[in-house]
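Below is one structure; the comments refer to it alone.
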Protein chains: 2
Amino acid sequence: MESLTSHEIHQQVRERLADAEVRYTTGRRAVVTALLRARGPRSAGEIVDLVVGAVPISSLYRSLAVLDESGVIGKHHDVDGIARFELAEWLVGHHHHMVCDRCGNVEDVALSGHEEDALHELVDRVGDSLGYTVSGHVLEVEGVCATCAV
Amino acid sequence: MESLTSHEIHQQVRERLADAEVRYTTGRRAVVTALLRARGPRSAGEIVDLVVGAVPISSLYRSLAVLDESGVIGKHHDVDGIARFELAEWLVGHHHHMVCDRCGNVEDVALSGHEEDALHELVDRVGDSLGYTVSGHVLEVEGVCATCAV
DNA sequence: TTCCTTGCAAACGATTTGCATTGGA
DNA sequence: TCCAATGCAAATCGTTTGCAAGGAA
């Protein structure tokens with residue numbers, strides 16, 4: 001997938017929010033900018049620090065909720081159960097995660113088209129066998145990174 | 001992997017806890033029994049309902065903490081950020097999860113030997129390409145279950 | 001004006017902890 | 001006996017919500 005420029009991403013987000021009939025306000029734009037600068041998923045607390053100027057945590061959560069509901073960002077919970085947010089895959093591309101068991105570092109990994117196709121077939125088969133209509137999948141590879149392997 | 005009988009699992013757990021120098025008490029045994037009956041990860045609230053008789057939620061959390069720390073059970077957080085627990089893979093075998101987008105239900109899924117082998121190869125390749133020594137992987141299939149699909 | 005959005009403070013709910021009591025080796 | 005384990009209640013903390021004020025169309 002071609003990676004979009006910062007400007008293009010804001011443009012895409014604006015359109016998506018327009019479709020959802022909500023405004024692309026300063027606060028919401030600040031969240032997208034922060035996540036764009038971030039090199040991985042960030043918690044609400046971390047985003048407060050990334051955003052320029054003071055932002056009430058409750059307003060931030062509301063911005064995050066709107067962006068999440070309109071599909072601009074994704075939300076998941078880390079091992080401590082804290083919510084972490086990142087730009088949605090349609091903006092930054094479908095990918096998986098390589099997690100280091102030692103240092104906890106998380107890297108994005110994009111599979112080759114062939115690999116992704118094979119995985120897709122596999123998860124479709126799994127869903128079918130259980131009577132589910134498959135909508136997506138998450139693959140996390142665990143291991144020890146080169147730095148920690150010393 | 002051969003699946004162990006309920007009795008054998010309790011035996012294994014007892015030994016593991018003995019190594020950790022903690023007792024295999026009635027409350028802890030009840031948790032293992034409940035998770036054995038469950039066919040997927042369960043939250044603390046759900047486990048309270050699965051266990052026979054009344055169990056204070058705080059005591060349950062303490063049992064879960066002990067079992068988690070000694071590697072008898074695993075813990076992860078669902079899409080709502082709620083902690084879910086399940087018996088560790090060394091007791092019940094390696095498997096993946098099928099998650100319903102609507103109701104949040106989670107079911108265990110064991111791939112066929114051939115599928116698991118293919119997945120294994122894939123994740124090894126991913127790890128190699130990033131300089132990681134792969135230790136494991138997690139695959140989560142997302143979709144809508146038959147009940148919610150109406 | 002008319003709603004959507006924001007800020008502040010209070011409320012929520014899952015999980016944890018302090019402390020006194022109980023129970024098993 | 002003696003200390004781990006338990007029960008109860010209070011505390012924590014990330015997150016959500018009620019309500020009044022601000023702002024854009």
Side-chain angles (χ1 to χ4, degrees), chain A residues 10 13-35 41-70 72-86, chain B residues 10 13-35 41-70 72-86 104 106:
Chain A
H10 279 298
V13 172
R14 172 179 298 287
E15 288 174 20
R16 171 70 71 117
L17 290 188
D19 288 345
E21 296 181 316
V22 293
R23 301 173 191 152
Y24 195 23
T25 63
T26 309
R28 292 166 190 173
R29 178 185 296 271
V31 169
V32 171
T33 300
L35 291 181
R42 293 289 180 270
S43 67
E46 290 166 347
I47 294 173
V48 164
D49 296 334
L50 288 173
V51 166
V52 291
V55 183
I57 192 77
S58 63
S59 295
L60 174 61
Y61 272 112
R62 272 197 265 240
S63 291
L64 290 168
V66 167
L67 294 172
D68 186 24
E69 283 156 18
S70 42
V72 171
I73 64 177
K75 170 185 183 178
H76 69 90
H77 291 84
D78 66 17
V79 293
D80 294 321
I82 293 176
R84 289 181 172 277
F85 305 86
E86 59 184 338
Chain B
H10 280 298
V13 172
R14 171 179 299 286
E15 288 174 19
R16 172 69 71 115
L17 291 188
D19 288 345
E21 296 180 316
V22 292
R23 300 173 192 155
Y24 195 24
T25 62
T26 310
R28 293 166 190 173
R29 177 185 296 269
V31 170
V32 171
T33 299
L35 291 180
R42 292 292 180 267
S43 67
E46 290 166 346
I47 295 172
V48 164
D49 295 335
L50 289 172
V51 165
V52 292
V55 183
I57 193 75
S58 62
S59 296
L60 174 61
Y61 273 112
R62 273 198 264 240
S63 290
L64 289 168
V66 167
L67 293 173
D68 185 24
E69 285 156 18
S70 41
V72 171
I73 65 177
K75 170 186 183 177
H76 70 91
H77 293 265
D78 66 18
V79 294
D80 294 321
I82 295 176
R84 288 182 171 276
F85 306 85
E86 61 184 335
V106 183

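Here salt bridge (Lys or Arg N to Asp or Glu O under 4.0 Å) pairs that include residues 43-52 of chain B, with residues two or more places apart or in two chains, are B:E46-B:R84. Counting only residues at least two apart or in different chains, salt bridge (Lys or Arg N to Asp or Glu O under 4.0 Å) contacts with residues 53-67 of chain B are absent.
If you take CG of B:L60 and P of D:dC8, they are 14 Å apart, rounded to a whole angstrom. Taking atom CG on B:L64 and atom C1' on D:dT6, their separation rounds to 14 Å, with Å as the unit. Between A:I47 atom CD1 and D:dG14 atom P the separation is 14 Å, expressed in whole Å. In this structure, the CG atom of B:L17 is 16 Å from the C1' atom of C:dA25, given to the nearest Å. As rounded to whole Å, 11 Å separates atom P of D:dT15 from atom CD of A:E46. Between B:E21 atom CD and C:dA25 atom C1' there is a gap of 14 Å when expressed in whole angstrom units. Here the C1' atom of nucleotide C:dA14 and the NE2 atom of B:H76 are 16 Å apart, to the nearest Å. Distance, B:R29 CZ to D:dA5 P: 15 Å, rounded to whole Å.
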Below 3.5 Å is the cut-off: list the nitrogen or oxygen pairs between protein and nucleotides 11-13 of chain D, distance only.
none

Check nucleotides 16-25 of chain D against the protein and report each pair of N or O atoms closer than 3.5 Å, with its distance, or say if there are none.
from	atom 1	to	atom 2	distance (Å)
D:dG18	O6	A:R62	NH2	2.8

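Looking at A:V51 and A:T33, their side chains never come closer than 4.5 Å, going by heavy atoms from C-beta outward. Within the 4.5 Å cutoff, side-chain heavy atoms of B:L35 are placed close to those of B:R42.
In this structure, the nucleotide among D:dT6, C:dT5, C:dA14 sitting nearest to the side chain of B:I82 is C:dA14. The listed nucleotides are D:dT6, D:dT15, C:dC8; the one nearest the side chain of A:P56 is C:dC8.
Nucleic acid contact class of A:V22 (heavy atoms, under 4.0 Å, all strands): sugar-phosphate only. Using a 4.0 Å heavy-atom criterion, one finds that B:A83 contacts the sugar-phosphate atoms exclusively.
How far OG of A:S59 is from CZ of A:R28: 10.0 Å, rounded to the nearest 0.5 Å. Here CZ of A:F85 is found 5.0 Å from NZ of A:K75. Values are rounded to the nearest 0.5 Å.
Screening B:L67, B:T25, B:V32 against B:L17 for a side-chain contact (heavy atoms from CB on, under 4.5 Å) leaves a single residue, B:L67.
Not counting sequence neighbours, B:D68 has no partner by the salt bridge (charged side-chain N to carboxylate O under 4.0 Å, His left out) test. Residues satisfying the side-chain hydrogen bond (donor to acceptor under 3.5 Å, both in side chains) test with B:H76, not counting sequence neighbours, are none.
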